[in-house]
Amino acid sequence: MRTVDDLEVLGRRVLLRSDLNVPLDLTGTGEITDDGRIRASLPVISKLSDQGARVIILAHLGRPKGAAFAERSAGGPSLQPVAERLGELLGRPVAFAADVVGPSAERTAFSLGDEDVAVLENVRFEPAETSKDDAERAAFAARLARFGELYVDDAFGAVHRKHASVYDLPALLPHAAGDLVRDEVAVLRQLTADPARPFVVVLGGKKPSDKLAVIGNLLGLADRILVCGGMGYTFLAARGYEVGHSVLEADQMPAVRAVMEEAERRGVELVLPVDLVAATHFAPDAEHSVVPVTDFPADREGMDAGPRTRVLFAEKLADAKTVFWNGPAGVFEFPAFSAGTRAVAEAISRVDGLTVVGGGDSAAAIRALGLDESAFGHISTGGGASLEYLEGKTLPGLTALEDDS
Ligand code: ADP
Ligand code: MG
């Protein structure tokens, strides 16, 4: 895999695929609640610009809906506020094109001077970006390719997608991996090659359907798996516990049961919460109390791990030599329900060994809770991508970069 340092970029138009998919305020104000991914993207942007490249950034934000560009750009989310924040952080002006392959992008791309930086509008405003139709994606990639002379992929968070800007585009231009992609791959290799033991995995977040496949593969790698967060309720329900109105994926129960049986067969310790913070409804100020998992009120919703669970998880992490954490232990965005996530993060930060945090929201939680990022070995910017890597899948974006022909 070539890296940025292998490219001659002076005076050349470089299409840079960055991961600027930042979380936006849950109540819909459109405010950027954590700019970690923008900050993480700065080094490669600066490096290219400092070396005299004309940097044209491609990125996606959220999941725009609609049949065509017009509908999607009307519905948003637009990358413009992200481009503005990027300009502030970079300390130099950043041009913004109001479309992806239209007249604005064309004008922007070809008017750049050496060292200039531009951002094109949300690449997912073009439905072809994510199309399952190879020909449609390839045609769109060809339109993008006209803008650049070189391609750099620094969007680790998107390498697991067979999308035009990460899979089809590198085939059309001389290409290289950005530093983020290079570093992420190196750490994930370390986790899967020969991890120091005990290797403890903490999995939380919203939905088990996102993460069951990775648990399957981690059963062959980890010594202990701690399950918490929203996905924990499906595990608790599968064990026969009442979970009230908590997030539950009932259709995942058979798969969850299969994972629990497989863990037992392989001797992997699967640890579930023993108590929970149960609230009347999903709101920052909802009335709440701590309940044991054996006595969950049917009219309540689980929002966080309880205090006994926090202690239990900290104990289960104390002797770890390798840790992988993905997914918050509760709705950490609401301060009243952030203690579980804080406890998990603090316990991991005390571990003496390789600690890897993979997941956009988990990384955001570390910063939102004011924890010291340097206490973690590696904070990944790509949740889904690191999970799929750990699942043992082939990642289309990496395959495309590995083809150096
Ligand atoms: P990551 O981005 O780190 O992979 P996910 O996207 O899987 O994590 O999940 C993050 C989300 O899960 C957070 O927004 C958090 O509010 C939510 N979450 C955690 N626990 C719960 C819960 N008990 N109920 C509802 N949502 C939860
Ligand atoms: Mg997430």
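Just follow the structure's listing: the first ligand is 1, and inside any ligand the first atom is 1. All residue numbers in this chain count up from 1 along the given sequence.
- Under 4.0 Å is where a charged nitrogen must lie from a carboxylate oxygen, and between Glu373 and Arg367 at least one such pair does.
- A salt bridge is defined here as a Lys NZ or Arg NE, NH1 or NH2 lying under 4.0 Å from an Asp or Glu carboxylate O, and Lys321 with Asp223 fails to meet this definition.
- Across all non-hydrogen atoms, the minimal contact from Arg308 to Val274 is NH2-O, 3.8 Å.
- Ion pair Asp154/Arg17 not flagged as a salt bridge, since none of the NZ, NE, NH1 or NH2 atoms sits closer than 4.0 Å to an Asp/Glu carboxylate oxygen.
- Two rings, from Tyr233 and Tyr241, have their centers 6.0 Å or more apart.
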Walk me through it: do Phe199 and Phe324 pass the test ring-ring contact (aromatic ring centres under 6.0 Å, His included)?
CA-CA 8 Å; Phe199 180 4; Phe324 175 70; 7.6 Å; no
Pick out the protein N or O atoms lying less than 3.5 Å from any N or O of ligand 1, and list each pair with its distance.
| from | atom 1 | to | atom 2 | distance (Å) |
| --- | --- | --- | --- | --- |
| ligand 1 | 2 (O) | Gly360 | N | 3.4 |
| ligand 1 | 2 (O) | Asp361 | N | 2.8 |
| ligand 1 | 2 (O) | Asp361 | OD2 | 2.8 |
| ligand 1 | 3 (O) | Asp361 | N | 3.4 |
| ligand 1 | 3 (O) | Ser362 | N | 2.9 |
| ligand 1 | 3 (O) | Ser362 | OG | 2.5 |
| ligand 1 | 4 (O) | Lys211 | NZ | 3.4 |
| ligand 1 | 4 (O) | Asn326 | ND2 | 3.2 |
| ligand 1 | 6 (O) | Asp361 | OD2 | 3.0 |
| ligand 1 | 7 (O) | Lys206 | N | 3.4 |
| ligand 1 | 7 (O) | Lys211 | NZ | 2.6 |
| ligand 1 | 9 (O) | Lys206 | N | 3.2 |
| ligand 1 | 12 (O) | Lys206 | N | 3.4 |
| ligand 1 | 14 (O) | Glu333 | OE2 | 2.5 |
| ligand 1 | 16 (O) | Glu333 | OE1 | 2.7 |
| ligand 1 | 16 (O) | Glu333 | OE2 | 3.4 |
| ligand 1 | 20 (N) | Gly230 | N | 3.1 |
| ligand 1 | 23 (N) | Gly302 | O | 3.1 |

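- A side-chain contact (heavy atoms from CB on, under 4.5 Å) with Leu203 holds for exactly one of Asn326, Leu226, Leu212; it is Asn326.
- Below the 2.8 Å limit, the Mg ion (ligand 2) has as protein N, O or S neighbours Asp361 OD2.
- Ring-centre distance between Phe337 and His288: below the 6.0 Å cut-off.
- In this structure, a donor-acceptor pair under 3.5 Å is absent between the side chains of Glu115 and Ser49.
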